[in-house]
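Okay, so here's the structure we're looking at.
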Amino acid sequence: MHPPHHPGRIVVSNLTKRFGAIRAVDDLSFTVEPGTVTGFLGPNGAGKTTTLRMLLGLVAPTHGIATIGGYRYADLTRPLEVVGAALEASGFHKRRTGLAHLRVLCAAAGLPARRADEVLDLVGMSPAAGRRVGSYSMGMRQRLGLAQALLGDPRVLILDEPANGLDPAGISWLRELLRSLAAAGKTVLVSSHLLSEVEQTVDDVVIIAAGRSVRQGRVAELKAQAHSGVRVRTPHADRLVRALPGVPVRAAGEPGVLLIERVHAADIGRVALAAGVELHELTPLQSDLQELFLALTNEKATIR
Ligand SMILES: Nc1ncnc2c1ncn2[C@@H]1O[C@H](COP(=O)(O)OP(=O)(O)OP(=O)(O)O)[C@@H](O)[C@H]1O
């Protein structure tokens, strides 16, 4: 078991935020453990940003509590060294260079100025360090936000839609970076409205819709659930169908190829063996996580 107050653990307990009549976040609880990347997922307006802002002490909860290492953000003595956050890539002085921006933050936090150069290097921004932020592309601003989050070498990283604006190479770079941070024992919480965007990066998911938790757990478990079936090629299709009474089987349009929904390849292999049916192909169909995500969030996904 983990110690009750691991310094890198994020705990959200019965968190609620009302804006007038809107319950932006509604009795939400989850935990994020050190050494993992957790995807915080939900459709537009689900309450992700509001939750992250409560974690960072930027919005006061109506009820409940959010802590990092057992403390509310406001009670952290050296917050930059505990938690780094990138909420949205727009809060920069446009006329300052990326390097100058980070050096100001270093000075304010009592960090050595060279840390600014180090984090710019870490996010691949050294070549643009001397350019004004106003001239940066959206992806470059995202990287600068990430550099800022990494400044104090914090145990915990909270990133709101960090893949926004990144090109495919940038997304795969981000994936590697987040994985390496988790491997180094950091706690990484990353929000997205696309499960497919983060499924290769995250260990765990917290899925919310309309402010409420709809699913939490290992992404591997979700993938197993999303598994949509198998494709079978056999010269004895009729006999295989007869050996699977009650199981929905579709013809794939190619001779001898069947598509069987919501089954595991091993089960079909076993049935075929028992029935003496020769198989020439038995392929698990691509899991469609995004579809499962939509099904989980759909009924609550209306914009409030
Ligand atoms: N300051 C505010 N005042 C009033 N309503 C707000 C405020 N901030 C957020 N909301 C409302 O709370 C709900 C949740 O918004 P939030 O930004 O947390 O969602 P999100 O999951 O981050 O969405 P997105 O993916 O679109 O960024 C929305 O209905 C939003 O309009």
Side-chain angles (χ1 to χ4, degrees), residues 10-32 37-68 72-74 83-92 138-139 141-146 148-149 156-166 170-171 174 178 187-199 201-202 204-217 219 222 289-304:
I10 296 173
V11 179
V12 166
S13 300
N14 305 108
L15 205 58
T16 297
K17 179 65 189 181
R18 276 197 295 265
F19 292 111
I22 293 173
R23 277 176 186 264
V25 177
D26 193 1
D27 200 26
L28 181 64
S29 299
F30 64 88
T31 303
V32 185
V37 182
T38 296
F40 187 38
L41 299 153
N44 288 136
K48 303 180 295 294
T49 302
T50 304
T51 303
L52 300 185
R53 291 175 70 83
M54 285 193 276
L55 256 169
L56 295 165
L58 299 168
V59 165
T62 307
H63 293 294
I65 183 168
T67 58
I68 298 165
R72 272 187 270 246
Y73 186 89
V83 52
L87 283 197
E88 48 189 47
S90 59
F92 305 118
M138 185 173 173
R141 281 198 292 273
Q142 283 284 24
R143 285 177 191 245
L144 181 61
L146 207 52
Q148 178 175 329
V156 177
L157 278 158
I158 295 178
L159 309 174
D160 199 8
E161 309 259 0
N164 265 1
L166 294 185
I171 288 176
L174 178 67
L178 299 184
T187 311
V188 184
L189 180 62
V190 37
S191 81
S192 175
H193 56 271
L194 288 174
L195 181 52
S196 49
E197 185 178 80
V198 298
E199 69 166 286
T201 314
V202 304
D204 295 331
V205 288
V206 173
I207 302 179
I208 65 168
R212 299 189 72 99
S213 169
V214 292
R215 181 72 190 249
Q216 298 183 17
V219 79
L222 213 59
L289 264 190
Q290 188 61 18
E291 223 157 78
L292 176 62
F293 176 62
L294 286 175
L296 282 170
T297 57
N298 198 25
E299 67 193 66
K300 293 181 175 168
T302 42
I303 301 277
R304 294 164 294 155

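Being a predicted model, the structure only gives us computed values, none of them experimental. Counting starts at 1 for both ligands and their atoms, in listed order.
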Check for me whether G42 has a heavy atom closer than 4.0 Å to any atom of ligand 1.
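In this structure, G42 fails to qualify as a contact of ligand 1 - no heavy atom is under 4.0 Å.
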Using atom types as modelled and distance alone, determine if a side-chain donor or acceptor of [X] lies under 3.5 Å from a backbone N or O of [Y].
{"X": "T38", "Y": "V32", "result": "no"}
{"X": "E197", "Y": "E161", "result": "no"}
{"X": "K48", "Y": "F40", "result": "no"}
{"X": "K17", "Y": "A60", "result": "yes"}

Only heavy atoms count here, so choose which of [options] is nearest to [atom].
{"atom": "atom 20 (P) of ligand 1", "options": "M54, K48, R23, E161", "result": "K48"}
{"atom": "atom 23 (O) of ligand 1", "options": "G211, P43, G45, A209", "result": "G45"}
{"atom": "atom 16 (P) of ligand 1", "options": "N164, T50, L52, L41", "result": "T50"}

Would you say F30 and L189 make side-chain contact, with heavy atoms under 4.5 Å?
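Answer yes - side chains close enough.
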Side chain to side chain, L41 and V202, heavy atoms closer than 4.5 Å
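Answer no - side chains too far apart.
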Pairs of nitrogen or oxygen atoms closer than 3.5 Å, one from [X] and one from ligand 1: do any exist?
{"X": "N44", "answer": "yes"}
{"X": "T49", "answer": "yes"}
{"X": "A24", "answer": "no"}

I need the contact type for S191 against ligand 1. Using non-hydrogen atoms and a strict under-4.0 Å cut-off, is it side chain, backbone, both or neither?
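No part of S191 comes within reach of ligand 1.
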